[in-house]
Protein chains: 2
Amino acid sequence: MTDALKSTRSLNVTEALRELLLQGEFDPGTRLQETWLAERMQVSRTPIREALRVLAKDGLLEYAPNKGYSVRRFSLEDIVSAFRVRSVLEGLGCRLIAERGLSEALRTTLQSTLQSGENLLQSGQLERGEFDEWREMNKAFHLAILLETHNDLLVRFAKQSRNIPIVFNGSFRWYSLREFQRAHDHHQVIFDAMNQQQPERADFMMQEHVMHAAHILKKNYKD
Amino acid sequence: MTDALKSTRSLNVTEALRELLLQGEFDPGTRLQETWLAERMQVSRTPIREALRVLAKDGLLEYAPNKGYSVRRFSLEDIVSAFRVRSVLEGLGCRLIAERGLSEALRTTLQSTLQSGENLLQSGQLERGEFDEWREMNKAFHLAILLETHNDLLVRFAKQSRNIPIVFNGSFRWYSLREFQRAHDHHQVIFDAMNQQQPERADFMMQEHVMHAAHILKKNYKD
DNA sequence: CCCCGGCAAATTGTATACAATCTTTTCCTT
DNA sequence: AAGGAAAAGATTGTATACAATTTGCCGGGG
């Protein structure tokens, strides 16, 4: 029996709370009281406390001994800094893949995501605010590269660097068709560079790609 | 009164346990039972559980719901991968500093650590296995650069990437005088590159510096 | 001999009681 | 009225009791 999806209240609460924080449900600076959360989540303080500690370690909450947890405030500078870190991490991922060459499996996966991107751009749906498919495609592209590196720490850090409210699911809300096209071009060049075993080019273009997203966010984000 | 150093049992246990793990006190794969740890640490299971969860998030322990925690096994490949990640992170740190130029404070700090390195190389103490001062100097050099970036995520990731047993305090045990000299040369070049605002060179040399340490470890580490 | 229910022991997960610390209010002093 | 100790309340930290789940063991059936 495939029971690999077993869980506990503590883990469930952690993910539920994370989602709330990423959605911006709580204003920055808000103090999160354990009893209040426990009541809201319909569990005791024990799993709440474990969740809070984990989320603080993830940088979403701030903690002071004997005083409790509060929602972290992310300045625009914090967010851009996080993008910069992510850019070198994902850049390294591309470099590692390019050095050893694309596996058949990864080539197939990436070509599939590129095709999805192509289709989405043709359909014109992207102008009507239907971002979900694009988001999914984009996530698949970036994650496939990361996983293929087989570098646990790289994957962990790259994932963690996206755990930021408002930004967590991409800044596509501000993308024009032109921007989607540019992102798609980036994806294609990155694929091409890895496919031709050009580590430097793959690394550089991925950094460019990530930092361009940061640039767009910087232009539109009002704090 | 300076009571900024207040703490809790949970935090103390976390750091104590982390230290034990980094020192290799427990064999990889060992299951860490809460009651056993609680007895050994002279506290109840509550702070133990919080510590275990944090250390699992740090990658030092593995966790399975309803089954508990066990000591993670680090293969040589895992360790080298972690070095590669750290190299690009610290490389980015140097790049950022070099781009904006050295602050007077950082220049002073780094020159001080370089002087310490010079003195240690002259004294010949390094051959007698007195690594503590070198370790301290090295840590000060790397940390000063990271902190000056004011990039929280970068600092957090770079610190976290060193949380690996056996390696956590440098692989100086295998350094010959020649190796210490080379490391010192690297430090000087990195400083020079940042001082002359040469981001590319600073980044590259820091990566070289970190990966050279990985190379030495790879040669000597028996698993 | 193997397998596999199922009971018993051990271990983790959760709730709750109690202790320690922090925060707020009160009320006295100046 | 301002300041500040001291008590009352609220909140976090820790221990422990209880529940749920897993693990080990035993015996019966194939």
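Values in this document were obtained by computation on a predicted structure and should not be read as measured data. In what follows, every chain begins at residue 1, and chains take the letters A, B, ... in the order their sequences are listed.
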Got a sec: does the CD of A:Glu99 have more than 12 other heavy atoms crowding it under 6.0 Å? yes

Find out whether the Lys NZ or Arg CZ of A:Arg72 is both under 6.0 angstrom from the six-membered ring centre of A:Phe74 and within 45° of the ring's axis. yes

Less than 4.5 Å apart, side chain to side chain, heavy atoms only: is that true for A:Tyr63 and A:Leu52? no

Summary of protein contacts for nucleotides 8-14 of chain D, nucleotide by nucleotide, where a base hit scores B, a sugar-phosphate-only hit scores S (4.0 Å, heavy atoms): ---SBBB

Please check if any side-chain donor atom of A:Ser10 sits under 3.5 Å from a side-chain acceptor atom of B:Arg53, or the reverse. yes

Derivation and outcome, ring pair (Phe, Tyr, Trp, His ring centres under 6.0 Å), residues A:His209 and A:His184: CA-CA 10 Å; A:His209 176 55; A:His184 184 68; over 10 Å; no

Between A:Arg107 and A:Glu104, is there a side-chain N and carboxylate O pair less than 4.0 Å apart? yes

Where each pair must be Watson-Crick or G-U wobble with both distances under 3.5 Å, what dot-bracket representation of DNA chain C is obtained, with crossing pairs in [ ] and other-strand partners as |? ||||||||||||||||||||||||||||||

Take B:Phe131 and B:Phe172 through the test ring pair (Phe, Tyr, Trp, His ring centres under 6.0 Å) and record every step on the way to the result. CA-CA 7 Å; B:Phe131 301 146; B:Phe172 306 132; 7.0 Å; no

Distance-minimising heavy-atom pair for B:Ile145 and B:Leu106: N-CD1, 4.3 Å

Expressed in angstrom and rounded to an integer, what is the separation of B:Glu39 atom CD from D:dT16 atom C1'? 15 Å

